[in-house]
Amino acid sequence: MNYNINSIRSDFPILEQKIAGKPLIYLDNGATTQKPKQVIDSISKFYSEINGNIHRGVHQLSQFSTDAYEEARQKVRDFINAKSETEVIFTRGTTESINLIAHSFGRRYIHRDDEIIISEMEHHSNIVPWQMLCEQVGAKLRVIPFDKNGELCMDDFRNMLSNKTKLVAITHISNSLGTVNPIREVIDLAHKAGAAILIDGAQAVQHTTVDVSELNCDFYVFSGHKMYAPTGIGVLYGKKSWLDEMPPYQGGGDMIDTVTFKKTTYAELPLKFEAGTTNYVGAMALGKAIDYIQHIGIENIETYEKKLFKYAAEQLSLIPDLRIIGNAKNKSGVISFLVGDIHHYDTGMLLDKMGIAVRTGNHCTQPLMTKIGITGTVRASFALYNTQDEIDKLCSAIERVKQFFS
Ligand code: PMP
């Protein structure tokens, strides 16, 4: 495999930074990834040469911008292998995509005494919108537990499914445990029960090939900023058959066909779900991030990161008193841990003093932490530019943290 890590690293200007006088070791990629200069420069070029509001103008800049926006949609479509570009809706990110589904799909198809199934390892953004919906329509939220290794209890899931189940919403990869869920099986089981299925891909699309047509999920959502694109742009993939039937989420410009004071008719997909001026520059830059990933090759990234992940898990588990939280057989992207009885926040603060950026806390998965009986973890999360050398430095730094507290 031709994976030129030095060349890749040189694409990311921020990695040259020093933090606390030490070379930055950025291991907070689960929260957000850094951006390659190809993405950063594309934004500057766009505003310097191309910018005009999309879809509304006859003038050339508006046309150029519209073309760039729609070209980005095609790139997303190809990246996840959607059947049609009309199945790709641009949103602010995973959170907005889930809220859109909760408002639009939820209000139309979920009624009193219906059930929505999520899991104990969901991010708050795949819990709270469903709780809000359940309160509004009188539906019930059911929660699949995970076992001591951090794997979904599939038997419990099977038993929960019934003709009351209208939607199953599950994360592809857990942002706190790193568990890769058996989503194919989850999708098939949900469909057999007659339920729709939403996959939260926020921690997956940057690490592994996602083919929504093959998966046959009804909805798949993700955020640009976790896959080398800017903040404020994300994707809702939805099957056309659902999106056609679902009512709009927000009203405003661009999402209409005709407006009179008596009645408004709505635009066709995908614009029906894109009210107002969208983040079209962000969408264009997401397209550039996809180009960047495709240029390296998502399979090459996956192979490289798997090796790196295995190395990190092995090295961290050699540290006495370090407890890895989440021991699923199939893990990716993030390793959560605690060091002795040192508070996760203290570990994170001291690592920061050594130039190492990790995340501490509950990672927006409070119910997961409550179940394990902890308040949070230290989380190292990886991206295509991390190296074994950085992991060695992380391990030595953890030893220093231990010495400090001993
Ligand atoms: N789901 C998962 C699994 C996540 O990791 C995150 C981000 N931490 C989100 C949802 C929310 O993503 P965003 O804040 O970009 O909307």
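One-based numbering, in listed order, for ligands and for the atoms of each. Keep in mind it's a predicted model, so treat the numbers as computed, not measured.
Close to ligand 1: Thr171, with a non-hydrogen atom less than 4.0 angstrom away.
Scanning all protein heavy atoms for the shortest distance to atom 10 (C) of ligand 1 gives Ser125 OG, 3.1 Å. Closest to atom 4 (C) of ligand 1 among all protein heavy atoms lies His123 CD2, 3.4 Å. Of the protein's non-hydrogen atoms, Gln203 NE2, 2.7 Å is the one closest to atom 5 (O) of ligand 1. Residue, atom and distance of the protein heavy atom nearest to atom 8 (N) of ligand 1 are Lys226 NZ, 2.8 Å. Taking atom 3 (C) of ligand 1 as the reference point, the nearest protein heavy-atom neighbour is Asp200 OD2, 3.5 Å.
Taken from NZ in Lys402 to CG in Asp321, the straight-line distance is 4.5 Å, to the nearest 0.5 Å.
A side-chain donor-acceptor contact under 3.5 Å links Asn216 and Lys239. Residues His225 and Thr32 bring a donor and an acceptor atom of their side chains to less than 3.5 Å of each other. A donor-acceptor contact under 3.5 angstrom links the side chains of Asp392 and Tyr311, judged on distance only. Residues His124 and Gln131 bring no donor and acceptor atom of their side chains to less than 3.5 Å of each other. Using modelled atom types, one finds no donor on one side chain facing an acceptor on the other under 3.5 Å when comparing His363 with Thr365.
For ligand 1, one of its N or O atoms has an N or O atom of His225 under 3.5 Å away.
At a heavy-atom distance under 4.0 Å, atoms from both the backbone and the side chain of Thr95 approach ligand 1.
Of all atoms in ligand 1, listed by their number and element, those nearer than 4.0 Å to a heavy atom of Ser223 are 12 (O), 13 (P), 15 (O), 16 (O).
Shown here is Lys164, whose NZ atom has no more than 12 heavy atoms of other residues, nucleotides or ligands within 6.0 Å.
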